[in-house]
Participant: 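Got a structure for you, questions after.
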Amino acid sequence: MDGQRSSIAVVIPTYNEAENIEPLVGQLLALPLNLRVIVVDDNSPDGTGQILDRLAAEDGRVIPIHRPAKLGLGTAHIAGFRRALADGAECILSMDADFSHNPRYIPAMMDKMRECDLVIGSRYVRGGGTRFCTLPRKVLSWGANAFAKVMLGLRARDCTAGFRCYRREVLERVALDEIFSEGYSFLIEMLYRTQRLGYRVGEVPIIFENRRRGASKVSKREIYRALYTVLRLRFRGLPWERWAARYRAHRTHEFPAENAGAKGK
Ligand SMILES: Nc1nc2c(ncn2[C@@H]2O[C@H](COP(=O)(O)OP(=O)(O)O)[C@@H](O)[C@H]2O)c(=O)[nH]1
Ligand SMILES: [Mg+2]
């Protein structure tokens, strides 16, 4: 894929990134690529949304999406992906707003897209690594990766990385409305679905630098939800979900007219 000519949309979810978003957008727009930047902001209390509106007024390649409240990393990605697809982008990149994912790696990721359908900016391939990460953060990342790999058979080295480039067709084929992860586990679920569809997944080494400005939004709740997502994907519906589905099917069978009416609502 010719990175210089193909149309690229960079999707960035933001929540309280007022200190980062302007310099990041500036660096992205300065790359010698045909790209636009879609930023999905969840009504950040620190005014990230207002900065975005100003940037959009200054440069038409900046597209803000404003959502009313903090609705999660996964749904923010999906909102950005839909906009990128509607705008006709051929490659859709996703990245954090906090400079952990440095824009300087994007050209190498685009080169790798010549032979892949999904490229991951990876900490865990030769040449990759992390800087300024605390021990708990490293342990969390290693643990989450190992667990997702063992349970789901994921072949990529860095399965939880948010720095990715998807070929348009991948996002068209992965049924975005069927994704059930709202938060961080979205990244694992997307990779799992992409691999299962048989797409080629590649990795490019990056040095992941822990954020210097602003705070991480990963919470304990997100960690539990990620565990749940992996289990749910692994067992394709946990027992109680299967019981609920069976119950629903039974009811539909018992009261077909009533349920047919309810369906259209
Ligand atoms: N729109 C939106 N963005 C979010 C949400 N949670 C996190 N983000 C953004 O997603 C990216 C990743 O979050 P971050 O806190 O850096 O996670 P970490 O790098 O794993 O610590 C950052 O750009 C955040 O601002 C959310 O609920 N909604
Ligand atoms: Mg981050």
Side-chain angles (χ1 to χ4, degrees), residues 9-25 27-28 37-53 55 62-84 92-103 105-106 120-124 128-145 148 158-164 179 181-191 206-227 229:
V10 182
V11 172
I12 309 173
T14 54
Y15 192 74
N16 286 347
E17 301 287 0
E19 293 171 288
N20 293 314
I21 195 64
E22 188 165 1
L24 178 64
V25 167
Q27 288 189 20
L28 286 167
V37 186
I38 300 172
V39 186
V40 186
D41 185 66
D42 280 358
N43 202 7
S44 298
D46 74 350
T48 305
Q50 284 89 302
I51 299 175
L52 277 172
D53 287 339
L55 296 176
V62 180
I63 300 150
I65 298 180
H66 297 284
R67 302 197 303 173
K70 192 170 187 308
L71 299 172
L73 186 74
T75 58
H77 273 97
I78 292 177
F81 289 170
R82 286 196 199 289
R83 176 63 198 257
I92 298 96
L93 266 138
S94 66
M95 67 194 294
D96 285 11
D98 56 8
F99 284 99
S100 291
H101 304 146
N102 198 303
Y105 297 113
I106 293 178
I120 301 173
S122 173
R123 293 162 284 188
Y124 305 132
T130 57
R131 280 181 80 195
F132 313 120
C133 286
T134 58
L135 187 63
R137 166 112 205 179
K138 283 187 191 168
V139 171
L140 175 65
S141 168
W142 271 79
N145 256 285
D158 196 343
C159 306
T160 53
F163 199 10
R164 296 182 177 179
I179 302 254
S181 310
E182 290 165 13
Y184 284 71
S185 52
F186 168 82
L187 297 165
I188 296 175
E189 184 170 355
M190 275 302 287
L191 179 59
I206 67 149
I207 303 295
F208 175 102
E209 287 196 15
N210 204 18
R211 64 160 73 233
R212 312 270 186 96
R213 284 179 284 190
S216 169
K217 282 99 211 169
V218 176
S219 59
K220 280 221 175 81
R221 184 161 170 263
E222 289 288 350
I223 298 170
Y224 296 135
R225 281 169 63 174
L227 281 175
T229 295

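Everything numeric here is computed off the predicted structure, so don't read it as measured data. Indexing begins at 1, ligand by ligand and atom by atom, following the structure's order. No hydrogens, no waters, no symmetry mates; every other heavy atom, side chains included, goes into these values.
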Participant: Side chain of Glu19, backbone of Arg213: donor and acceptor closer than 3.5 Å?
Facilitator: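 Not a single qualifying donor-acceptor pair exists.
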
Participant: Can you pull out the closest protein heavy atom to atom 4 (C) of ligand 1? Residue, atom name and distance to 0.1 Å, please.
Facilitator: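 The answer is Tyr15 CB, 3.9 Å.
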
Participant: Looking only at side-chain N and O atoms, does Tyr184 offer a donor or acceptor that is under 3.5 Å from a partner on Thr160?
Facilitator: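 On atom types as modelled, these side chains do not qualify, holding no pair under 3.5 Å.
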
Participant: Which protein non-hydrogen atom lies closest to atom 5 (C) of ligand 1, naming both residue and atom, and how far is it?
Facilitator: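 Going atom by atom, the protein heavy atom closest to atom 5 (C) of ligand 1 ends up being Lys70 NZ, 3.9 Å.
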
Participant: Answer with side chain, backbone, both or neither: which part of His77 has a heavy atom less than 4.0 angstrom from an atom of ligand 1?
Facilitator: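 Neither; nothing of His77 gets under 4.0 Å from ligand 1.
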
Participant: Provide, to 0.1 Å, the distance between atom 13 (O) of ligand 1 and the closest protein heavy atom, together with that atom's residue and name.
Facilitator: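 Looking at atom 13 (O) of ligand 1, the protein heavy atom closest to it is Tyr184 OH, 3.1 Å.
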
Participant: Phe208 versus ligand 1: do any nitrogen or oxygen atoms come within less than 3.5 Å of each other?
Facilitator: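 No - when backbone and side-chain N and O of Phe208 are compared with those of ligand 1, no distance drops under 3.5 Å.
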
Participant: Locate the shortest heavy-atom distance separating Thr130 from Ile207; write the atom from each residue and the value.
Facilitator: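 Answer, listing the atom of Thr130 first, then Ile207: C-CG2, 4.4 Å.
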
Participant: Please indicate whether any nitrogen or oxygen in Ser100 is less than 3.5 Å from any nitrogen or oxygen in ligand 1.
Facilitator: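 There is no such contact.
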
Participant: Nearest to atom 8 (N) of ligand 1, what protein heavy atom do you find, and at what distance?
Facilitator: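 Answer, as residue, atom name and distance: Leu73 CD1, 3.7 Å.
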
Participant: Going by the order shown, which atoms of ligand 1 are within less than 4.0 Å of some heavy atom of Thr14?
Facilitator: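 Every atom of ligand 1 under 4.0 Å from some heavy atom of Thr14: 1 (N), 2 (C), 3 (N), 25 (O).
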
Participant: Specify side chain, backbone, both or neither for Ala76, according to which of its non-hydrogen atoms lie closer than 4.0 Å to ligand 1.
Facilitator: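 Answer for Ala76: side chain.
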
Participant: Quick check: closest heavy atoms across Ala84 and Ile92, and the distance to 0.1 Å?
Facilitator: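 Heavy atoms only, the tightest pair is CB-CG1, 3.7 Å.
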
Participant: Please confirm whether the backbone N or O of Ala18 pairs with a side-chain atom of Asp46, one donor and one acceptor, at under 3.5 Å?
Facilitator: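 Yes; judged by distance alone, with no hydrogens or angles, the pair exists.
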
Participant: Is Arg211 close to ligand 1, meaning an N/O of one under 3.5 Å from an N/O of the other?
Facilitator: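 There is such a contact, yes.
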
Participant: Between Arg67, Glu182, Glu222, Arg137, flag the one that comes closest to atom 18 (P) of ligand 1 by a heavy atom.
Facilitator: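 Checking each option, the heavy atom nearest atom 18 (P) of ligand 1 is found in Arg137.
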
Participant: How far is atom 28 (N) of ligand 1 from the closest protein heavy atom, and which atom is that?
Facilitator: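 Result: Asp42 OD2, 2.7 Å.
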
Participant: Using every non-hydrogen atom in the two residues, find where Leu28 and Pro103 come nearest and quote the distance to one decimal.
Facilitator: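 For Leu28 and Pro103, the tightest heavy-atom pair comes out as CD2-CB, 3.9 Å.
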
Participant: Give me the residue, atom name and distance of the protein heavy atom closest to atom 19 (O) of ligand 1.
Facilitator: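 Answer for atom 19 (O) of ligand 1: Asp96 OD2, 3.0 Å.
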
Participant: Which atom name would you report as the N, O or S atom of Asp96 nearest the Mg ion (ligand 2)?
Facilitator: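 For Asp96, the N/O/S atom sitting closest to the Mg ion (ligand 2) is OD2.
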
Participant: Give the atom numbers and elements of ligand 1 that come within less than 4.0 Å of a heavy atom of Asp98.
Facilitator: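 Checking each atom against Asp98, I get 16 (O), 19 (O).
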
Participant: Among all protein heavy atoms in this structure, tell me which lies nearest to atom 21 (O) of ligand 1, with the distance rounded to 0.1 Å.
Facilitator: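 Result for atom 21 (O) of ligand 1: Ser216 OG, 2.5 Å.
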
Participant: Given Pro13, Ser94, Cys133, Ala215, which has its nearest heavy atom closest to atom 9 (C) of ligand 1?
Facilitator: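 Minimum heavy-atom distance to atom 9 (C) of ligand 1 goes to Pro13.
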
Participant: Considering all heavy atoms of both residues, which atom of Glu222 and which atom of Gly183 are nearest to each other, and what is their separation?
Facilitator: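 Taking Glu222 first and Gly183 second, the nearest heavy atoms are OE1-CA, 3.5 Å.
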
Participant: Please identify which atoms of ligand 1 are closer than 4.0 Å to at least one heavy atom of Glu17.
Facilitator: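 In order of numbering, the contacting atoms are 22 (C), 23 (O), 24 (C), 25 (O).
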
Participant: Check for me whether the distance between the ring centres of Tyr105 and His101 falls short of 6.0 Å.
Facilitator: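 Ring centroids of Tyr105 and His101 are no less than 6.0 Å from each other.
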
Participant: Ala76 and Pro13: which non-hydrogen atoms are nearest, and at how many Å?
Facilitator: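 Minimum heavy-atom separation between Ala76 and Pro13: CB-CB, 3.8 Å.
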
Participant: What is the name of the N/O/S atom in Asp98 that sits closest to the Mg ion (ligand 2)?
Facilitator: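 Going through the N, O and S atoms of Asp98 one by one, OD2 ends up nearest to the Mg ion (ligand 2).
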
Participant: What do you reckon, does Ile12 have a nitrogen or oxygen under 3.5 Å from a nitrogen or oxygen of ligand 1?
Facilitator: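 No: no nitrogen or oxygen of Ile12 is under 3.5 Å from one in ligand 1.
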
Participant: Run Ile12 and Glu17 through side-chain contact (heavy atoms from CB on, under 4.5 Å) and show every step you take.
Facilitator: CA-CA 11 Å; Ile12 309 173; Glu17 301 287 0; over 6 Å; no

Participant: Looking only at distances, can you tell me whether any N or O atom of Leu71, backbone or side chain, sits closer than 3.5 Å to an N or O atom of ligand 1?
Facilitator: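 No, no N or O pair falls under 3.5 Å.
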
Participant: Assess the residue pair Met190 and Arg164 against the criterion (side-chain contact (heavy atoms from CB on, under 4.5 Å)); give the C-alpha distance rounded to whole Å, side-chain angles, the decisive distance to 0.1 Å, and a yes or no.
Facilitator: CA-CA 11 Å; Met190 275 302 287; Arg164 296 182 177 179; 3.9 Å; yes

Participant: Compare every heavy atom of Ser185 with every heavy atom of Thr229, then report the nearest pair and how far apart it is.
Facilitator: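 Minimum heavy-atom contact is OG1-OG, 2.8 Å.
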
Participant: Just checking, Lys217 and Tyr15: is the charged tip under 6.0 Å from the six-membered ring centre and within 45° of the axis?
Facilitator: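 The answer is no, since Lys217 fails at least one limit relative to Tyr15.
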
Participant: Starting from atom 15 (O) of ligand 1, which protein heavy atom do you reach first, and at what distance in Å?
Facilitator: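 Closest protein heavy atom to atom 15 (O) of ligand 1: Lys217 N, 2.7 Å.
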
Participant: With respect to Val218, determine whether any N or O atom, backbone or side chain, lies less than 3.5 Å from an N or O atom of ligand 1.
Facilitator: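 Among all N and O atoms of Val218, none is under 3.5 Å from an N or O of ligand 1.
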
Participant: Take Arg211 and Asp96, measure what side-chain contact (heavy atoms from CB on, under 4.5 Å) needs, and give me the verdict at the end.
Facilitator: CA-CA 10 Å; Arg211 64 160 73 233; Asp96 285 11; 5.7 Å; no

